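Note that the structure is predicted; figures quoted are calculated from it, not measured.
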Amino acid sequence: MKPLNYVADFRAYKLIDKVASSYYWSLYKAVYDHGNDHDDVFIKIFNFNQKDDMYPLDPLIKEILIANKCCQHKNIVPSVLCYFKERNHLCVVMPSGKTPLPSISIFKHGLPEEIVAFVIMETLEALKCMHKSGERVHGNLCCTNVFLDEEGNVKLEFPTWLTNPEVNEYPSLNRKFKKSDFCMVGTLAYDLFSGKEIKNAGCFTGPGNHKLPQLLEDFVKFCGSSGGPDTIDELMSHQFLKKFCNFHQYREDLKKLLNKKLRPKFSRFLLFRHQTSDGVVPSVQLLTSTDAKICHMGKAHLEDDGVDHNVSDRDSDDNDGGDGGSRRSDGALTIMG
């Protein structure tokens, strides 16, 4: 799916409901509607006055620039879609809810050694961007937090306090925190191969209940050892990742495994009926995300299931007070100047 081109123009967004707020900012559920592009998003609107010396404007601008830069990386799930100024407000557009991408934890029975190497290398690419450009660690590497897009690319979510209403800052990067990420890379490698996610393992160094191939075992131990890596480049140069270096092919292999795994989940049985000389005869056809064409036999009609499919599933709220804004006649909110 081609990513949407989010524009830095407040007129392209319709505020629906206010979901959180503080003294400095308000978080709105909104709809992006620009030409052929439509999407549910969140907009965090920072209310600032240049005469207010108490407002931490410099850290805010820095965080937005860092998040925006890192979210351009191919191995990072965007947490900031765009940002812009609207009168005395700074607006940051973010995805709504959690990423729709599947996590690699769907492979319950483990992955081949070469695909484990590919996933780890892509994970390290994302971490390298976070450590160097983002000046932070990931801090929670595990199978459920490693995502895959439809092209077989591995992605991590970028941790930023912009998307968390409860956090106003992020801890500074230091050697101890970086080493914790390295430890989790080793545990992730074990989990990917074995299909058994280790809970609260810390720096897992094996051997565990699942026997690993020698090079993979050496890599896992290297990640968690006291004399282990100080930089991501050291991890990337390990013999395990050098042996399995045909990453383009491994991406294609992972893509095939992913499509095979997801195909049943996206299948839909639709009941159709067609008119014959004997009357109405039901027939069942299987539709998938990649095979949505229906061969009509005579005049096909979707079986009435009692559901109005034209009703929007977007939440509505008739409350028009107490949200710090005014509601237009079409139900949208507008921020006050």
Side-chain angles (χ1 to χ4, degrees), residues 70-71 73-77 79 98-99 101-108 110-111 113 115-148 153-161 163-164 167 170-210 212-213 215-241 244 247 254:
C70 291
C71 288
H73 194 280
K74 71 179 182 69
N75 296 120
I76 292 180
V77 179
S79 57
K98 294 185 177 181
T99 174
L101 299 175
S103 75
I104 204 161
S105 61
I106 63 174
F107 298 105
K108 303 295 185 182
L111 291 165
E113 188 178 10
I115 294 185
V116 171
F118 166 72
V119 173
I120 292 298
M121 180 59 83
E122 294 264 290
T123 300
L124 291 175
E125 292 284 1
L127 285 180
K128 190 173 184 178
C129 176
M130 290 182 191
H131 288 188
K132 185 176 181 179
S133 300
E135 302 175 5
R136 68 201 59 198
V137 296
H138 185 278
N140 192 22
L141 279 175
C142 60
C143 289
T144 53
N145 290 331
V146 177
F147 302 96
L148 300 171
N153 297 307
V154 177
K155 292 180 177 288
L156 302 181
E157 288 185 312
F158 183 73
T160 171
W161 54 263
T163 60
N164 191 338
V167 179
Y170 205 83
S172 301
L173 181 67
N174 60 38
R175 184 176 183 274
K176 179 181 178 181
F177 289 153
K178 289 198 319 186
K179 294 282 283 187
S180 69
D181 266 359
F182 299 158
C183 286
M184 285 183 274
V185 168
T187 304
L188 176 64
Y190 177 90
D191 294 345
L192 290 170
F193 184 79
S194 66
K196 307 293 183 182
E197 187 168 357
I198 300 174
K199 304 295 183 182
N200 303 319
C203 290
F204 176 73
T205 58
N209 297 324
H210 204 99
L212 303 178
L215 276 179
L216 177 54
E217 183 177 344
D218 291 345
F219 178 79
V220 171
K221 290 181 177 179
F222 179 63
C223 290
S225 65
S226 57
D230 290 317
T231 66
I232 288 181
D233 288 335
E234 289 183 54
L235 281 174
M236 288 180 164
S237 62
H238 192 276
Q239 287 300 316
F240 170 62
L241 298 177
F244 301 104
F247 296 126
L254 180 57

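When all heavy atoms of Phe147 and Val77 are compared, the pair lying nearest together is CD1-CG2, 4.4 Å. Contact between Phe222 and Pro229 at its shortest, heavy atoms only, is O-CD, 3.1 Å. The two residues Cys129 and His73 have their closest heavy-atom pair at CB-CD2, 3.7 Å. When all heavy atoms of Leu127 and Leu141 are compared, the pair lying nearest together is CD1-CD1, 3.6 Å. Smallest separation of non-hydrogen atoms from Val185 and Cys223: CG1-SG, 4.2 Å. Pairing each heavy atom of Val154 with each of Phe118, the nearest pair is CG2-CE2, 4.0 Å.
The aromatic rings of Phe219 and His238 lie perpendicular to each other, with more than 60° between the two planes, well past the 30° mark.
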Exercise. What do the steps show when you test Phe240 against Val220 for side-chain contact (heavy atoms from CB on, under 4.5 Å), and what is the final call?
Worked result: CA-CA 10 Å; Phe240 170 62; Val220 171; over 6 Å; no
For this session: Evaluate side-chain contact (heavy atoms from CB on, under 4.5 Å) for Leu148 paired with Phe107, printing each intermediate quantity in order.
Result: CA-CA 12 Å; Leu148 300 171; Phe107 298 105; 3.9 Å; yes
For this session: Go through the steps for Leu156 and Val146 under the test side-chain contact (heavy atoms from CB on, under 4.5 Å), then give the verdict.
Result: CA-CA 5 Å; Leu156 302 181; Val146 177; 3.8 Å; yes
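In this structure, Asp181 contributes its side chain and Gly139 its backbone to a donor-acceptor pair below 3.5 Å. At distances below 3.5 Å, at least one donor-acceptor pair connects side-chain atoms of Ser237 with backbone N or O atoms of Glu234.
Rounding to the nearest 0.5 Å gives a distance of 5.0 Å between CZ of Phe182 and CD1 of Ile232. Once rounded to the nearest 0.5 Å, the distance linking CG of Leu235 with CD1 of Ile120 reads 9.0 Å. Distance SG/Cys142 to CG/Leu192: 10.5 Å, rounded to 0.5 Å. In this structure, SG in Cys70 is found 7.5 Å from CE in Met130, a value given to the nearest 0.5 Å. The structure places NE2 of His131 at 11.0 Å from OG1 of Thr231, a figure rounded to the nearest 0.5 Å. Atoms CG and CG, from Leu241 and Leu216 in turn, are 9.5 Å apart once rounded to the nearest 0.5 Å.
Applying the side chain to side chain donor-acceptor pair (under 3.5 Å) test between Asn75 and each of Glu122, Glu125, Lys155 identifies Glu122 as the sole match.
Under the salt bridge (Lys or Arg N to Asp or Glu O under 4.0 Å) criterion, Lys128 pairs with Asp233, sequence neighbours left out. The salt bridge (Lys or Arg N to Asp or Glu O under 4.0 Å) search around Asp230 returns Arg175, not counting sequence neighbours. Under the rule for a side-chain hydrogen bond (donor to acceptor under 3.5 Å, both in side chains), the partners of Ser105 that lie at least two apart in sequence or sit in another chain are Ser103.
Side-chain atoms of Asn145 and His138 include no donor-acceptor pair closer than 3.5 Å.
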